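Read through the structure below, which is laid out as structure tokens, and then see the notes.
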2 protein chains.
Amino acid sequence: MSDLLERLRGRGWRMTAQRRVVAEVLDGEHVHLTADEVHARAVTKLPEISRATVYNTLGELVTLGEVLEVSTDRRAKRYDPNAHRPHQHLVCARCGAIRDVHPTGNPLSALPDSERFGFTISDVEVTYRGLCPNCSASA
Amino acid sequence: MSDLLERLRGRGWRMTAQRRVVAEVLDGEHVHLTADEVHARAVTKLPEISRATVYNTLGELVTLGEVLEVSTDRRAKRYDPNAHRPHQHLVCARCGAIRDVHPTGNPLSALPDSERFGFTISDVEVTYRGLCPNCSASA
DNA sequence: TCCTACGATAGACTTTGTCTAAGTCAAGTA
DNA sequence: TACTTGACTTAGACAAAGTCTATCGTAGGA
């Protein structure tokens, strides 16, 4: 679906073949791709697209709030197109599988004022780690 | 204090000048240093120490459970000597300042079974992000 | 159609971290 | 104390992820 493309165009985003391809790769996928994976998929649709453009475009999509950057893993950032529903992540410590999860309550409320040290807190990231069913079966 | 050194020696850790220096750098600091920062401080005490040794030693301290790896920032891992008291982190989105914080309750209990997808969860990391008093004053 | 500013490109560069081969040394043994 | 040995350290090459820069190309308005 081109909801994403429509929204971007509506915001005055200059549309180019490269940007369209990157947006399409993310839009169709309910997964968490690295920049390199996005590039690999984009290349199949538009062989000349460069790594720098993929990085630039991902960065813009993040700035626009259409895509979230996820750092469940120290190696590479991942890009999560599910930016419109707040959620956290559950990560398999062995195979790296990632699931979106929706904890109950607001994680911010667990942090009393006395533990905020005068900070203005705007965001909380929660990462649950463990073994997925597959990996715990073969452990 | 050399609590840390004593514990390490007690575990049969072979003591070398390099390891002592790395342990001392961490032991004295209630902060969150990157590997490079640890190396920089170690070099002032032992100029010949190499980067590889610092990485090796930090890795061993993590394996031994004496130091925690913290990834509040995508650029570099940070090493937290406060491994013996469970805590989470509060990070300034602008200047990168990090504070240890102690939320109430167990963050795991916020994740219902239906949201665990069969995973065996062993750990939860929570990172609160916002602006520290300094940065929100000058924003 | 033509212009022009914005976007795309290749590739060098940077940062963070890992690996390897060769040299060094802590600590056990006699 | 001197010897021995395997664990530790080193320099530097390598790798992965990402950023920067100079140049070229093109989307979209006039």
Side-chain angles (χ1 to χ4, degrees), chain A residues 5-6 8-25 32-64 66-80 96 98, chain B residues 2 5-6 8-25 32-43 45-64 66-80 96 98:
Chain A
L5 289 173
E6 282 312 309
L8 293 172
R9 198 188 291 274
R11 290 186 181 208
W13 214 46
R14 183 165 155 180
M15 191 52 63
T16 67
Q18 292 82 353
R19 288 176 168 194
R20 184 173 9 254
V21 164
V22 169
E24 280 170 5
V25 165
H32 304 80
L33 300 171
T34 64
D36 241 34
E37 287 162 354
V38 172
H39 181 237
R41 297 186 188 211
V43 159
T44 67
K45 301 185 180 202
L46 185 67
E48 320 78 37
I49 193 169
S50 76
R51 277 186 346 121
T53 296
V54 170
Y55 277 106
N56 288 341
T57 305
L58 288 172
E60 284 161 28
L61 289 170
V62 169
T63 300
L64 291 170
E66 294 292 346
V67 165
L68 291 178
E69 248 177 40
V70 180
S71 318
T72 51
D73 136 28
R74 264 142 248 102
R75 294 176 59 81
K77 294 178 198 170
R78 291 176 177 276
Y79 293 88
D80 183 344
I98 302 175
Chain B
S2 59
L5 289 173
E6 281 313 311
L8 293 172
R9 199 189 291 274
R11 290 189 182 205
W13 215 44
R14 181 165 157 183
M15 191 51 63
T16 67
Q18 292 82 351
R19 288 176 167 193
R20 185 173 9 254
V21 165
V22 170
E24 280 170 4
V25 165
H32 304 79
L33 300 171
T34 64
D36 239 34
E37 286 163 354
V38 172
H39 181 236
R41 296 185 190 213
V43 159
K45 302 184 180 201
L46 185 67
E48 321 78 37
I49 193 169
S50 76
R51 276 186 345 120
T53 296
V54 170
Y55 277 105
N56 289 342
T57 306
L58 288 172
E60 284 161 26
L61 289 170
V62 169
T63 300
L64 292 170
E66 295 291 346
V67 165
L68 292 178
E69 249 177 39
V70 180
S71 318
T72 53
D73 138 28
R74 263 145 246 100
R75 294 176 58 80
K77 294 178 198 169
R78 291 177 176 275
Y79 293 88
D80 183 344
I98 303 174

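Predicted model, so just to flag it, every value in this text is computed and none were measured. Residue numbers start from 1 in every chain, and the chains themselves are labelled A, B, ... in the order their sequence lines are given, proteins ahead of strands. Values reported hereafter were calculated over all heavy atoms of this structure, with side chains retained and with hydrogens, waters and symmetry mates removed.
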Query raised in the report: Taking protein heavy atoms under 4.0 Å as touching, what does nucleotides 25-30 of chain C look like 5' to 3' if B marks base contact, S marks sugar-phosphate-only contact and - marks none?
Result: BBS---

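Listed by residue number, the members of residues 45-52 of chain A with any heavy atom below 4.0 angstrom from DNA chain D are A:Arg51, A:Ala52.
Nearest heavy-atom pair across A:Ala35 and A:Tyr55 is CB-CE2, 3.6 Å. Considering every non-hydrogen atom in both A:Leu5 and A:Ala23, the closest pair reads CD2-CB, 3.7 Å.
For the side-chain contact (heavy atoms from CB on, under 4.5 Å) test, residues two or more places apart in sequence or in another chain that qualify with B:Glu66 are B:Leu4, B:Arg7, B:Leu8, B:Arg11, B:Leu61, B:Leu64, B:His84. Partners of A:Asp73 by salt bridge (charged side-chain N to carboxylate O under 4.0 Å, His left out), not counting sequence neighbours, listed by chain and number: A:Arg78. When the side-chain contact (heavy atoms from CB on, under 4.5 Å) test is applied to A:Ser71, the partners found at least two apart in sequence or on another chain are B:Arg74. B:Leu68 is linked by a side-chain contact (heavy atoms from CB on, under 4.5 Å) to B:Asp80, B:Ala83, B:His87, counting only residues two or more places apart in sequence or in another chain. Under the side-chain hydrogen bond (donor to acceptor under 3.5 Å, both in side chains) criterion, B:Arg20 pairs with no residue, sequence neighbours left out. By the side-chain hydrogen bond (donor to acceptor under 3.5 Å, both in side chains) test, A:Thr72 is found to be paired with no residue, residues two or more places apart in sequence or in another chain being considered.
Here C:dA8 presents its C1' atom at 11 Å from CD of A:Glu60, a figure rounded to the nearest Å. Rounded to an integer number of Å, the gap from B:Arg78 CZ to C:dG17 C1' is 15 Å. Atom CG in A:Asp73 sits roughly 17 Å away from atom P in C:dT16 (whole-Å rounding).
Across the interface with DNA chain C, nearest-nucleotide mapping of B:Arg75 and B:Asn56 shows B:Arg75 to be the residue nearer the 5′ end.
The side chain of B:Tyr55 places no N or O atom within less than 4.0 Å of a non-bridging phosphate oxygen (OP1 or OP2) of C:dT18.
Residues B:Val22 and B:Gln18 fail the side-chain proximity criterion, which asks for heavy atoms closer than 4.5 Å. With a 4.5 Å cut-off on side-chain heavy atoms, A:Trp13 and A:Thr57 count as touching.
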Only pairs under 3.5 Å count here: list side-chain donor-acceptor contacts from residues 44-53 of chain A, not counting sequence neighbours, and write none if there are none.
| from | atom 1 | to | atom 2 | distance (Å) |
| --- | --- | --- | --- | --- |
| A:Thr44 | OG1 | A:Arg41 | O | 2.7 |
| A:Ser50 | OG | A:Thr53 | N | 3.3 |
| A:Ser50 | OG | A:Thr53 | OG1 | 3.2 |

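Put simply, chain B comes within 4.0 Å of DNA chain D, heavy atom to any atom, from D:dG6 to D:dA11, going 5' to 3'.
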